[in-house]
Amino acid sequence: MPMSSTASPRRTEHGAASAAAIAGRVAAVVAALILTALFLSFRPFQLTGELDLTGGDVVNQLGYGALGALSVAAMLMLADRRRLAALASPWWLAMLVFLVLSVLTAPDPNAAMRAASFTVIGILAVAAVLALPRDGEALSLVFAFAAFAVLAVSYLGLAIFPDIARHTAADAFEPEHAGLWRGVFQHKNVAGPVMASFSFAGLLLVRRGWRAAGLLLLALSLLFVANTGSKTTLGLVPVAMAMVIGPGMIGLRALTPMLFGLAVVGTALATLGIVFVEPLHALADQIAPGLTYTGRTTLWQFAGELIAARPWTGYGFESVWGTPLVTESDHPFDRDWDIRGVVHAHNGYLDVALSMGLPGLAAAVATLLVVPAIDYLRTPLNRENLLIADFFMMILLFTSLNSFLESYLFRRADPIWILFVLAALGLRLTARMPMRAKGRLP
């Protein structure tokens with residue numbers, strides 16, 4: 001008896017669905033491995049300052065070069081074209097144009113190009129991490145895998161290599177940090193913000209219904225943050241969670257971008273404002289005499305003087321700190337820090353202005369802060385989109401405020417810069433692509 005005419009089409013449809021499912025799993029695995037590599041780097045537990053991020057290290061040249069190639073190949077072969085199109089942005093293009101100009105105007109364009117190539121590879125890798133997963137569940141699994149992997153290696157390092165995974169009294173420049181945890185990272189000031197962002201991922205898992213995994217990730221992350229000794233980071237975590245999730249719980253989700261804007265402006269006034277705005281400086285002297293943010297105000301004043309000398313073009317990508325412009329400058333006896341040995345301004349926004357000029361800073365602020373906040377408002381009222389957008393917004397809020405005291409914007413493959421890019425591009429994706437949900441983990 002002849003077979004039903006519908007048997008072959010059904011078999012074909014089933015085969016196509018199976019192939020699509022396999023491709024989706026492969027894409028998610030590749031995304032998880034890329035994100036994990038970005039956080040762990042190709043030289044974990046390295047204690048030699050900036051070597052881990054320089055373009056002259058062969059291991060990093062090969063490692064990040066291969067990671068960039070894998071990211072591009074994966075996007076071409078495995079990513080949904082609609083997701084790639086959603087990530088494309090004229091704002092990012094304009095910002096990258098300023099990055100290229102800062103390379104061309106640098107005193108050593110070749111060195112600047114090597115450094116900038118790491119920055120571009122990092123952005124491409126993050127784009128792949130966001131474009132490859134097919135749904136909200138896969139994207140959440142990618143975050144969870146990377147976070148648990150970094151935490152596992154970091155805690156293992158504390159047990160096996162305690163003199164490497166912790167700061168010690170032998171640290172040449174900062175013996176006062178002895179005993180504070182840094183895990184796989186070079187410094188506690190990197191470990192703290194990264195682990196804080198992992199706690200946001202833990203909250204995402206809890207909100208999606210993966211309670212056991214989420215609570216474990218949340219607890220391990222916050223325990224690590226507490227042992228980095230950064231009270232500011234630890235205190236900012238619940239603030240970021242409340243500012244993002246709180247308004248949504250009372251039906252005022254549109255309030256979150258407003259709170260975000262007020263937090264950024266307020267922090268700017270409380271930090272840079274007391275240096276560059278005389279009334280705020282006088283007010284700070286009355287309220288908190290001697291407030292210097294551990295000597296940072298000295299650096300900011302010096303950086304401001306340099307920016308005033310070249311406000312439109314800046315000095316070129318990574319062409320200020322560690323160069324004769326700084327190392328051969330005068331050092332007044334009453335200056336809090338000897339700026340001749342400083343590697344950055346301890347303020348990301350000032351460093352962007354130093355590299356790209358004030359127009360470049362304006363493009364960066366628009367691309368990394370203003371547009372993502374608008375994207376958050378445009379997120380479709382779909383549960384998966386809202387949960388993941390909240391996760392990205394928490395990271396964006398945290399990293400943007402942290403940038404007023406530390407410097408990692410455009411800083412090659414710095415994991416905090418990677419988080420900043422992940423949040424900004426992620427909000428663009430959640431605003432433009434509906435996120436499907438496949439259900440809870442078994």
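What's counted below: heavy atoms across the whole structure, side chains too, no hydrogens, waters or symmetry copies.
Taking CG from Leu396 and OH from Tyr376, the interatomic distance works out to 11.0 Å, rounded to the nearest 0.5 Å. To the nearest 0.5 Å, atom CG of residue Leu272 and atom CZ of residue Arg296 are 11.5 Å apart. Rounded to the nearest 0.5 Å, atoms CD (Gln61) and CD1 (Ile121) are 10.0 Å apart. Separating the OG1 atom in Thr228 from the CH2 atom in Trp181 is a distance of 10.0 Å, to the nearest 0.5 Å. Taking OG1 of Thr323 as the reference point, atom CG of Leu325 lies at 5.0 Å (rounded to 0.5 Å). Atom-to-atom distance recorded for Leu234:CG and Met195:CE is 13.5 Å, nearest 0.5 angstrom.
The main-chain N or O of Asp375 is found under 3.5 Å from a side-chain atom of Thr379 such that the two form a donor-acceptor pair. Side-chain N or O atoms of Arg211 include none that pairs as donor or acceptor with a backbone N or O of Leu205 at under 3.5 Å. In this structure, the side chain of Arg182 engages the main chain of Ile164 through a donor-acceptor pair within 3.5 Å. Counting only distance, with no hydrogens or angles, the side chain of Asp351 and the backbone of Ala345 share a donor-acceptor pair below 3.5 Å. For the pair His167 (side chain) and His187 (backbone), a donor-acceptor distance under 3.5 Å is absent. Put simply, the side chain of Thr367 gets close to the backbone of Trp91: a donor and an acceptor are under 3.5 Å apart.
Of all heavy-atom pairs spanning Pro311 and Pro359, the tightest one is O-CD, 3.7 Å. For the residue pair Thr233 and Pro193, the shortest heavy atom distance occurs at CG2-N, 4.2 Å. The heavy-atom pair separating Ser71 from Ile34 by the smallest distance is OG-CD1, 3.6 Å. Residues Val150 and Phe39 share a closest heavy-atom pair of CG2-CB, 3.6 Å. Nearest approach of Ala423 to Ile395, heavy atoms of both residues: CB-CG2, 3.8 Å. Across all their heavy atoms, Val237 and Ser199 have their closest contact at CG1-OG, 3.6 Å.
In this structure, Val320 and Leu306 have side chains that are in contact, with non-hydrogen atoms separated by less than 4.5 Å. Using a 4.5 Å cut-off on side-chain heavy atoms (C-beta onward), Leu99 and Val120 make contact. Counting heavy atoms from C-beta on, the side chains of Phe200 and Phe398 come closer than 4.5 Å. Using a 4.5 Å cut-off on side-chain heavy atoms (C-beta onward), Val352 and Phe98 make no contact. Using a 4.5 Å cut-off on side-chain heavy atoms (C-beta onward), Phe410 and Met356 make contact. The shortest side-chain heavy-atom distance between Trp210 and Leu204 does not fall under the 4.5 Å cut-off. Residues His346 and Leu405 form no side-chain contact, since every pair of their non-hydrogen atoms from C-beta on lies 4.5 Å or further apart. Residues Leu87 and Arg432 form no side-chain contact, since every pair of their non-hydrogen atoms from C-beta on lies 4.5 Å or further apart.
For an aromatic pair to be called close, the ring centres must be under 6.0 Å apart, and Tyr155 with Phe224 satisfies this. Remark: aromatic rings of Phe391 and Phe143 are close, center separation under 6.0 Å.
The only option from Val126, Leu425, Leu368 that meets the side-chain contact (heavy atoms from CB on, under 4.5 Å) definition with Phe420 turns out to be Leu368. Only one option out of Ile418, Asn402, Val190 pairs with Tyr408 in a side-chain contact (heavy atoms from CB on, under 4.5 Å); it is Asn402.
By the neighbour-count criterion of 12 heavy atoms within 6.0 Å, atom CE of Met113 is sparsely surrounded, having that number or fewer from other residues, nucleotides or ligands. Within 6.0 Å of the CZ atom in Phe161, the count of heavy atoms belonging to other residues, nucleotides or ligands does not exceed 12.
Counting only N and O atoms by type, the side chains of Tyr315 and Ser355 include no donor and acceptor under 3.5 Å apart. Under 3.5 Å, the side chains of Asn385 and Thr430 contain no donor-acceptor pair of N or O atoms.
At a threshold of 4.0 Å, the pair Glu137-Arg208 does not count as salt-bridged, since none of the basic side-chain nitrogens sits closer than that to a carboxylate oxygen.
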For this session: Just do the side chain to side chain contact (heavy atoms under 4.5 Å, CB included) check on Trp300 and Tyr293 with the steps written out, would you?
Result: CA-CA 10 Å; Trp300 300 341; Tyr293 294 100; 3.9 Å; yes

For this session: Evaluate side chain to side chain contact (heavy atoms under 4.5 Å, CB included) for Met393 paired with Leu427, printing each intermediate quantity in order.
Result: CA-CA 7 Å; Met393 193 65 190; Leu427 285 167; 4.0 Å; yes

Exercise. Checking side chain to side chain contact (heavy atoms under 4.5 Å, CB included) for the pair Leu158/Arg166: CA distance, chi angles, key distance, verdict?
Worked result: CA-CA 7 Å; Leu158 289 168; Arg166 292 185 179 92; 3.6 Å; yes

Problem set entry | Derivation and outcome, side chain to side chain contact (heavy atoms under 4.5 Å, CB included), residues Ser221 and Leu151 | CA-CA 7 Å; Ser221 302; Leu151 280 164; 3.7 Å; yes

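Contacts of Arg207 classified as side chain to side chain donor-acceptor pair (under 3.5 Å), with partners at least two apart in sequence or in another chain: Asp390.
Under the 30°/60° scheme for interplanar angles, the aromatic rings of Tyr64 and Phe42 are found to stand perpendicular.
Evaluation of the salt bridge (charged side-chain N to carboxylate O under 4.0 Å, His left out) test over residues 82-101, restricted to residues two or more places apart or in two chains, returns Asp80-Arg82.
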